[in-house]
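All values reported here derive from a predicted model rather than from experimental measurement. When a ligand or atom number is given, it counts from 1 through the structure's own listing order. Position 1 is the first residue of the sequence, and the numbers go up from there.
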Amino acid sequence: HYLYSARDAFTPAMLQGKRVIVTGSSMGIGEQMAYRLAEMGAHVVVTSRSQEALQKVTSRCLELGAASAHYLVGSMEDKAFTESFVARASELLGGLDMLVLNHITSCPMSLFRGDMNMVRRVMEVNFLSYVTLTAAAEPLLSRSNGSIVVVSSLAGKVPTPLVAPYSASKFALDGFFSSLRREYSMTKVNVSVTLCVLGLIDTNTAMRAVEGIMSMPSAPKEECALEILRAGALRQEEMYYGASTWMSPLLMNPGRKLLEVLLSDYFNANLFVSKKTDP
Ligand SMILES: NC(=O)C1=CN([C@@H]2O[C@H](COP(=O)(O)OP(=O)(O)OC[C@H]3O[C@@H](n4cnc5c(N)ncnc54)[C@H](OP(=O)(O)O)[C@@H]3O)[C@@H](O)[C@H]2O)C=CC1
Ligand SMILES: C[C@H](CCC(=O)NCCS(=O)(=O)O)[C@H]1CC[C@H]2[C@@H]3C(=O)C[C@@H]4C[C@H](O)CC[C@]4(C)[C@H]3CC[C@]12C
């Protein structure tokens, strides 16, 4: 009942006029999220490394009804770009209501053979840049009582062979953003954090990556995009999509939720409330 009633609570009007950043939105799930937001009349800023692709996405967003659509070109491997991105994007938007962290760097499915440059690049793009963007966005999202949406994977909840660096970056997202959610709750910061746990989605990148290596049913990127935005708009802590129905109860991990509550009793929360609001 809870799952279905929560789903019914979402209406597209919840995102109409909202100011939304979607990273990694020149293709794949990010591109589709931009289009769903446009159809709902949101203001969107899209970003990736490919200017030509972004120009097409913003044009399509305006055709679909976006309140406004802008793009910023750059790599999340570039610290200067990542550190200045949110300020530039929020200037275009006139503020910020939702930060959708979606981009990933490419890494082929293969056994780990000690390629530390690959591990560093994956952790930099798939994890550390998410933290940098969040640090820059936090004051804006606090003002708007906004939302952070973090796109993750089954590989961020279940150890997976052939994608160790990718899996590590997704596990890191869970550790950091689920802890940040506890801090926000403890310090009464009204910013929601939604972790999206996805199975195989039929994007070109993913289908190319798994071809011949594994066979797993894939879910449509168009619907996936809508489900991510629905979960973010409803301020859900986690959402599961593209995995078999029987996996969701296992992924919810009630034991971990119970431990989160029990461990929070050990903290002197009052001490931390003042520090969070200190300049
Ligand atoms: N597809 C799937 O099966 C699954 C996907 N996910 C997650 O969904 C999200 C999107 O995946 P998907 O749509 O398949 O990915 P895609 O490969 O289709 O898109 C990745 C996006 O990230 C951008 N990007 C790549 N490198 C960089 C960089 N260095 N700096 C900035 N942007 C970059 C790409 O644009 P450009 O190249 O122009 O920079 C592109 O827009 C990811 O977080 C992924 O982990 C989770 C589970 C399953
Ligand atoms: C390997 C994909 C990400 C890295 C990438 O973009 N590679 C480019 C390959 S290319 O250079 O040849 O173009 C992974 C992106 C999504 C992953 C899948 C996912 O997250 C869902 C499943 C999770 C499960 O735990 C393992 C299988 C997955 C299908 C997983 C496989 C690897 C990705 C496709």
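The protein atom (non-hydrogen) at minimum distance from atom 6 (O) of ligand 2 is Thr205 CG2, 3.0 Å. Nearest protein heavy-atom neighbour of atom 25 (C) of ligand 1: Ile104 O, 3.0 Å. Atom 30 (N) of ligand 1 has its closest protein heavy atom at Met76 N, 2.8 Å. Regarding atom 6 (N) of ligand 1, its nearest protein heavy-atom neighbour is Tyr166 OH, 3.8 Å. For atom 10 (C) of ligand 1, the closest heavy atom belonging to the protein is Asn102 OD1, 3.2 Å.
In this structure, Cys196 has no heavy atom closer than 4.0 Å to ligand 1. Using 4.0 Å as the threshold, Ala155 has no heavy atom nearer than that to any atom of ligand 1. In this structure, Glu31 does not count as a contact residue of ligand 1, since none of its heavy atoms falls inside 4.0 Å of the ligand. In this structure, Lys170 has no heavy atom closer than 4.0 Å to ligand 2.
In summary, the atoms of ligand 1 found under 4.0 Å from a heavy atom of Leu200, numbered by their order in the structure, are 3 (O). Every atom of ligand 1 is numbered from 1 in the order shown, and the set under 4.0 Å from a heavy atom of Ser25 is 41 (O). Near Ser75, the atoms of ligand 1 lying under 4.0 angstrom from a non-hydrogen atom of the residue are 28 (C), 29 (N), 30 (N). Close contacts of ligand 1 with Gly28, meaning ligand atoms under 4.0 Å from a residue heavy atom, involve 13 (O), 18 (O). With ligand atoms numbered from 1 in the order given, ligand 1 contributes 1 (N), 2 (C), 3 (O) to contacts under 4.0 Å with heavy atoms of Ala206. Residue contact check: Ala209 has heavy atoms under 4.0 Å from atoms 1 (C), 9 (C) of ligand 2. Residue His103 has at least one heavy-atom neighbour below 4.0 Å for each of these atoms of ligand 1: 22 (O), 32 (N). Taking every non-hydrogen atom of Ser153 and a distance limit under 4.0 Å, the qualifying atoms of ligand 1 come out as 46 (C), 47 (C).
Distance check on atom 18 (C) of ligand 2: every protein heavy atom falls at or beyond the 4.0 Å cut-off.
The shortest N or O to N or O distance between Ser153 and ligand 2 is below 3.5 Å. The shortest N or O to N or O distance between Ser106 and ligand 2 is not under 3.5 Å.
Residues Val122 and Pro165 come closest through the heavy atom pair CG1-O, 3.4 Å.
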